[in-house]
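Below: one structure in structure tokens.
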Protein chains: 2
Amino acid sequence: MPTPFEVLALPLRREILDRLRAGPRLVGELAAELGVAQPIVSKQLKILRDSGFVAVQPDAQRRRYALRPEPLAAVADWLEPYRWLWERHLDRLGAHLDTMEDPS
Amino acid sequence: MPTPFEVLALPLRREILDRLRAGPRLVGELAAELGVAQPIVSKQLKILRDSGFVAVQPDAQRRRYALRPEPLAAVADWLEPYRWLWERHLDRLGAHLDTMEDPS
DNA sequence: CCCATAGATACCCTCCTCGGTATATACCCG
DNA sequence: CGGGTATATACCGAGGAGGGTATCTATGGG
């Protein structure tokens with residue numbers, strides 16, 4: 001199973017997630033909106049599914065895909081210790097210096 | 001030039017960034033800490049350099065690498081519209097519903 | 001000066017990913 | 001049931017990325 005970072009590396013997968021932000025979508029809807037062949041969307045959705053980015057709700061032959069938070073939250077968590085880099089307010093920097101230690 | 005997401009996809013590159021959080025490092029120091037051959041570290045540092053994640057400060061034959069904020073901030077910005085997914089407080093959700101629109 | 005040290009670059013080889021196309025599967029409807 | 005629709009899967013081929021090793025370049029020290 002790929003890491004969330006590897007999953008987000010492909011632009012098409014990020015675009016699928018962007019679309020799903022506006023609400024759940026069927027495979028065919030995504031393919032049409034993105035101008036991509038359906039099997040390609042299905043393949044990437046499988047990767048997004050396996051890595052927890054999306055969930056499926058079957059409805060007869062239709063599959064409705066929706067966002068799931070966990071992997072995105074994991075990426076946000078990884079980013080957190082870097083925040084002080086661009087949020088250079090002194091209070092945050094001070095908090096950073098308090099918690100800084102050599103990552104093992 | 002690869003996107004920040006593609007750069008972060010490789011675990012070794014993320015580990016390099018993690019080390020640099022504790023302060024600037026020489027190439028050899030990174031190689032030793034990570035248990036990786038020096039040319040491999042150099043190659044990944046070049047990618048991190050070209051994509052703006054790190055900056056170099058030459059010192060004779062030494063090269064001191066340090067973190068740079070921009071690409072990490074860009075990833076954080078991309079994540080921002082997803083935050084409501086896992087921070088499900090009603091006020092944030094309300095703010096989300098106010099700004100939600102179909103991404104073109 | 002010459003050697004040692006630090007780092008970058010070049011080259012090779014393998015493996016995996018991605019898109020494309022064809023085909024299979026599931027399900028509804030008439 | 002038969003055809004059509006919606007989606008998944010299989011297979012292929014090309015390209016690129018990553019690690020390994022050898023070598024080049026630059027610089028300081030004896």
Side-chain angles (χ1 to χ4, degrees), chain A residues 1-20 22-68 71 75 78, chain B residues 1-20 22-68 71 75 78:
Chain A
M1 188 162 25
T3 68
F5 295 96
E6 289 162 344
V7 173
L8 292 183
L10 189 73
L12 176 57
R13 285 192 290 257
R14 291 199 303 277
E15 289 190 36
I16 291 176
L17 296 177
D18 285 339
R19 300 291 172 158
L20 291 181
R25 290 276 193 293
L26 302 179
V27 179
E29 293 173 343
L30 286 170
E33 290 181 25
L34 298 171
V36 173
Q38 170 267 315
I40 296 180
V41 174
S42 278
K43 189 191 291 192
Q44 302 308 330
L45 281 172
K46 176 183 175 57
I47 294 173
L48 290 168
R49 223 189 309 136
D50 292 346
S51 51
F53 280 88
V54 300
V56 209
Q57 195 203 339
D59 165 24
Q61 334 113 27
R62 316 282 183 84
R63 307 284 139 131
R64 196 166 305 270
Y65 282 85
L67 281 179
R68 284 183 55 70
V75 173
W78 183 86
Chain B
M1 188 161 25
T3 69
F5 295 96
E6 289 162 345
V7 173
L8 292 182
L10 189 73
L12 176 57
R13 284 193 291 257
R14 291 199 304 278
E15 289 191 34
I16 290 176
L17 296 177
D18 285 339
R19 299 293 170 157
L20 291 181
R25 289 277 195 290
L26 301 179
V27 178
E29 292 173 345
L30 286 169
E33 290 182 24
L34 298 170
V36 174
Q38 170 265 315
I40 296 181
V41 174
S42 278
K43 190 192 289 192
Q44 302 308 330
L45 281 173
K46 175 182 174 60
I47 295 174
L48 290 168
R49 223 188 310 136
D50 292 346
S51 51
F53 280 88
V54 300
V56 209
Q57 196 204 338
D59 165 25
Q61 334 113 27
R62 317 281 183 82
R63 308 283 139 133
R64 195 167 305 271
Y65 282 85
L67 281 179
R68 284 183 56 70
V75 173
W78 182 86

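Throughout, a chain's letter reflects where its sequence line sits, starting with A, and its residues are numbered from 1. Computed from heavy atoms alone, side chains included, the values below leave out hydrogens, waters and symmetry copies.
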Closest to side chain of A:K43, choosing from D:dT7, D:dT27, C:dC18: C:dC18
Residue B:V27, side-chain heavy atoms: nucleotide from C:dC27, C:dC18, C:dA8 that is nearest: C:dA8
Nucleotide D:dA26, atom P - distance to CD of B:Q61 in whole Å: 13 Å
Shortest side-chain distance from A:L10, nucleotide among C:dC27, C:dG19, C:dT9: C:dG19
Closest approach of A:S51 to A:P2 (non-hydrogen atoms, all atoms of both residues): CB-O, 4.3 Å
Whole-Å gap separating P (D:dG16) and CD (A:E6): 20 Å
Nearest-angstrom distance from the residue atom CD of A:E29 to C1' of D:dT7: 13 Å
B:D50 with B:K46: basic N within carboxylate O range, under 4.0 Å: yes
Short side-chain N/O contact to D:dG19 OP1/OP2 from B:Q44, under 4.0 Å: yes
Whole angstrom value for the distance that separates C1' of C:dC18 from CG of A:L8: 17 Å
Minimum-distance nucleotide (side-chain atoms of A:P39 versus D:dG19, D:dA22, D:dA8): D:dA8
D:dG18 phosphate, OP1 or OP2, under 4.0 Å from B:R13 side-chain N/O: yes
Between C:dC18 (C1') and A:L34 (CG): distance, integer Å: 16 Å
Given C:dC27, D:dA8, C:dG20, the nucleotide with the shortest approach to the side chain of A:A60: C:dC27
A:V54 backbone acceptor or donor facing A:R49 side chain under 3.5 Å: no
Residue B:R49, side-chain atoms from C-beta onward, closest of D:dA8, C:dG19, C:dA8: C:dA8
Length of the line joining A:R63:CZ and C:dT25:P, which is rounded to integer Å: 14 Å
Nearest-Å distance for atom pair CD/P, residues A:Q38 and D:dT5: 14 Å
B:R62 side chain near D:dG28 phosphate (N/O to OP1/OP2, under 4.0 Å): no
Working for side chain to side chain donor-acceptor pair (under 3.5 Å), residues B:Q44 and B:R13: CA-CA 6 Å; B:Q44 302 308 330; B:R13 284 193 291 257; 2.8 Å; yes
Between C:dG7 (C1') and B:L30 (CG): distance, integer Å: 12 Å
Phosphate OP1/OP2 of D:dA8 contacted by A:Y65 side-chain N/O (<4.0 Å): yes
Nearest non-hydrogen partners of B:R25 and B:E33, listed with the distance: NE-OE2, 2.6 Å
